[in-house]
**Q** 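The following block contains the structure, expressed as structure tokens.
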Amino acid sequence: MTAMLARDIADRRVSLQIRVRGRVQGVGFRPTVWRFAREYRLDGEVLNDGEGVLIRVSGPRGEIERLVERLRGEPPLLAAIEAIELSPFVGRLDEGFRIVESAAGEARTEISPDAGICAACAAEALDPFSRRYRYPFTNCTHCGPRLTIVRGIPYDRASTTMAPYPLCADCAAEYSEPADRRFHAEPIACHACGPKARLVRFDGRAVSYEQHSMLDDVDAAMSLIQKGEIVAIKALGGYQLACDATRADAVARLRQLKRRDRKPFALMARDMDVIRKYCAVSSEEEQALRSAAAPIVLLDAPGPQYLPESVAPGMSTLGFMLPSTPLHVLLFRRMGRPVVMTSGNLSDEPQVTDDAQAAARLGMIAPFALIHDRDIANRVDDSVVRLTAGKVRVLRRARGHAPASIRLPRGFETAPQILAFGPEMKATFCLVKDGRAVLSQHQGDLEDAATFDDYRKNLALFRDLFDHQPQALACDMHPEYVSGKLARERAQAQQLPLVEVQHHHAHIAACLAENGRPLDAPPVLGIALDGLGFGARTDMRGGGIWGGEFLLCDYRRFERLGTFKPVAMPGGAQASREPWRNLYAHLMAEMGWAQFAMNFGELEIFRALAGKPRATLDAIIKGGVNSPPASSCGRLFDAVAAALGICFERQAYEGEAAMRLEAMVCRKTMVEEGDELAYPLAIPNLKGSGLPYVEPVAMWNAILGDLVLRAPVGVMAARFHKGLANVLVAMALKLARRAGETGPRFETVALSGGCFHNRVLLEETTRRLEEKEFEVLTHAEVPAGDGGVALGQAAIAAAHCMDAGITRQEGGNPCVSVFQDGS
Ligand SMILES: [Zn+2]
Ligand SMILES: [Zn+2]
């Protein structure tokens with residue numbers, strides 16, 4: 001092609017329709033298109049509709065191509081483009097370029113997650129010459145609150161907690177100017193028109209301070225923290241409690257008053273320089289810290305400086321976040337030390353969001369509170385992420401992530417609308433609509449009545465926000481989960497099909513869905529390792545509690561090919577809290593007391609176990625009374641942690657023993673010691689069912705032998721993790737070949753369940769499986785733990801529904817009226 005011909009083609013006027021899919025609504029996409037289109041002197045219009053953003057444009061072909069390139073290269077900060085599709089447009093376009101307002105009802109704007117303050121807003125809030133200098137609610141299209149302030153749809157100011165604050169003339173001008181970065185940003189405000197922050201005492205007495213030495217109440221609040229006070233802060237998705245993390249006295253007082261024994265506290269620091277004094281930070285971790293989601297990032301904490309042990313007892317990591325709201329940016333302006341920034345609640349209650357509640361619940365902990373008069377519509381906790389095997393993995397999916405939707409894999413395009421109620425601990429729920437899944441923010445443990453109330457409120461909110469009308473429901477098959485009970489009630493009341501999903505099948509399905517595994521892809525080997533889940537009914541005879549499972553599965557069905565050794569949990573739920581009980585049960589199952597006494601009588605753990613009520617324990621184990629056998633990997637971790645003297649008596653929080661065991665792992669041993677010293681775990685077959693299982697007897701002998709030899713705990717922890725990874729791979733290899741057949745039954749292994757939040761285990765298992773040429777699927781965007789289960793339930797229910805002929809209904813769903821109970 002000659003240059004002249006090319007120029008000719010580029011100059012030729014055309015009319016095109018450009019469809020943009022992805023997260024493109026409510027993020028300033030239309031004004032960005034408008035700006036670029038005007039730059040290139042194109043005619044046409046841009047609008048939001050049910051499928052995303054639609055651009056109709058007319059002008060020289062070359063200029064339109066440049067527009068598309070610009071959109072790809074410089075999309076708005078919070079946008080995530082999935083596809084841009086071009087097609088010819090036939091029709092008339094007026095001269096000039098305009099933004100078309102959405103007609104009521106025809107298009108709905110998807111609610112985006114809350115986003116951390118952008119650089120431009122942070123600069124404004126710190127600029128003495130800006131009209132938003134030190135304004136704690138500064139935001140724009142590219143940042144600020146969303147889910148935390150929304151009460152209903154459509155998403156505009158009137159349906160948020162900013163409704164009581166009409167825009168002043170200056171803010172209104174910004175709001176209606178397409179060239180302004182605050183164009184159509186619903187929660188914008190300023191000193192003149194918006195909410196204000198103030199420092200109060202919970203006992204009602206006045207706060208007085210030397211005006212000349214502080215800039216404002218926000219500044220004064222940090223001065224109190226610097227003096228060693230605990231201050232409650234009304235943050236974005238709930239109240240927080242803050243104290244100086246370098247002051248052991250303040251941290252200890254906070255632990256005592258909040259009744260939180262040992263669970264690690266999250267920290268906030270002004271900038272990366274402060275964090276680097278305490279933690280090693282890779283570029284991926286820095287990126288995560290600075291991302292719009294602004295999560296807590298778990299970082300290795302090798303120094304050079306140390307914080308008091310009470311900040312994160314027994315951990316080798318610290319959870320840091322950067323200030324992500326203008327309030328926090330202003331608060332931290334003069335603070336060069338890390339601050340404990342933990343959820344404002346007592347013990348296991350949900351984070352407080354309500355001002356009256358705050359005074360009642362937090363007044364005993366914090367004498368001072370930095371409050372403001374914008375209501376928190378929805379409780380949204382901080383998200384937690386960790387870099388593992390080169391990827392940032394979400395461990396708790398909440399602020400900044402929810403309610404972003406996940407596109408379901410190929411084959412789910414015609415899935416009906418589904419509501420999956422999730423598990424009971426670390427609960428989330430999940431909606432399926434239009435081929436996408438929306439996972440709620442982390443709700444917490446539903447056993448707690450206040451948390452369950454909040455969960456029900458959020459079900460109703462998400463129904464409204466997403467105009468969701470479920471055609472089927474899904475829940476865990478555990479008969480006692482409150483989420484499952486609610487699902488069964490609703491299914492009955494509303495005559496909807498209910499799919500009850502096995503817990504570990506759901507874990508694996510979540511992993512498949514997150515990784516885009518198509519509906520009709522061949523089955524994978526799912527390795528689901530966690531604390532406890534209700535086993536499938538067919539297996540009740542052998543013991544109903546699962547937690548270390550090898551499932552050949554796809555979305556539709558699973559076959560249990562292997563398991564961990566079922567070992568009694570003496571005392572039932574008590575065994576989940578007290579690691580020594582699992583140690584005792586394991587040792588009794590493997591060698592009995594006489595042999596243990598004879599060979600290992602000089603060990604500290606022998607003396608500790610001898611002091612327990614053994615007769616009672618033996619009786620309940622033998623009689624099977626309140627002592628269910630469980631094939632749980634989580635309980636195996638507890639037992640090993642107890643043997644190594646880590647968290648022997650009682651876990652102060654769920655997962656403590658396993659987390660501390662991981663924290664003890666000696667890196668040098670991991671790298672330098674050969675596999676021959678890894679603890680051996682064998683794979684015999686269970687009597688009766690013939691199911692292959694992970695048998696730990698040789699491991700126990702090796703651990704006890706190492707204890708006799710006084711091997712360092714870090715070395716033993718490393719040998720345990722290696723041994724466990726080895727046996728997972730050995731099991732995968734064994735199961736991959738069916739006797740008498742050639743070729744593997746599966747080529748892909750999916751790893752899920754809370755045990756895979758363990759970085760050492762996930763990295764070791766993944767690497768070893770890949771060495772054996774398995775394709776390995778792991779979690780990243782969705783938690784491997786119970787926080788991801790709802791997604792799996794939803795995908796499994798969708799597959800079952802489509803098989804049963806229940807599919808997506810176009811144009812609404814008039815025959816189904818749901819949630820009539822108004823919850
Ligand atoms: Zn901004
Ligand atoms: Zn204003």
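Each ligand, and each atom within it, is numbered from 1 in the order the structure gives.
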**Q** For Arg21, does the CZ atom have more than 12 heavy-atom neighbours from other residues, nucleotides or ligands under 6.0 Å away?
**A**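 Result for CZ/Arg21: enclosed.
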**Q** Going through the checks in order, is the ring-ring contact (aromatic ring centres under 6.0 Å, His included) test met by Phe202 and Phe368?
**A** CA-CA 6 Å; Phe202 272 136; Phe368 299 94; 9.4 Å; no
**Q** Are the ring centres of Tyr133 and Tyr135 closer than 6.0 Å?
**A**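 No - the distance between ring centres of Tyr133 and Tyr135 does not fall below the 6.0 Å cut-off.
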**Q** Tell me, which pairs form a salt bridge (Lys or Arg N to Asp or Glu O under 4.0 Å) where one or both residues lie in residues 36-45, sequence neighbours left out?
**A** Arg13-Asp43, Glu39-Arg70, Glu45-Arg56, Glu45-Arg98
**Q** Just checking Gln287: does its CD atom have more than 12 heavy atoms from other residues, nucleotides or ligands closer to it than 6.0 angstrom?
**A** no
**Q** Once the angle between the rings of Tyr175 and His184 is folded into 0 to 90°, is it parallel (under 30°), tilted (30 to 60°) or perpendicular (over 60°)?
**A**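 If you compare the ring of Tyr175 with that of His184, the planes turn out parallel.
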**Q** With 2.8 Å as the limit, jot down which protein N, O or S atoms are around the Zn ion (ligand 1).
**A** Cys118 SG, Cys121 SG, Cys140 SG, Cys143 SG
**Q** Apply side-chain hydrogen bond (donor to acceptor under 3.5 Å, both in side chains) to Ser405 and list each qualifying residue two or more places apart in sequence or on a separate chain.
**A** Arg436
**Q** Leaving waters out, which protein N, O or S atoms fall under 2.8 Å from the Zn ion (ligand 2)?
**A**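 Per the 2.8 Å query on the Zn ion (ligand 2), atoms found are Cys168 SG, Cys171 SG, Cys190 SG, Cys193 SG.
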**Q** I need the Arg181 CZ to Glu124 CD distance, nearest 0.5 Å.
**A**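 Between Arg181 CZ and Glu124 CD, I get 4.5 Å after rounding to 0.5 Å.
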**Q** Decide, yes or no, whether a salt bridge links Arg393 with Glu284 under the criterion of side-chain N to carboxylate O below 4.0 Å.
**A** no
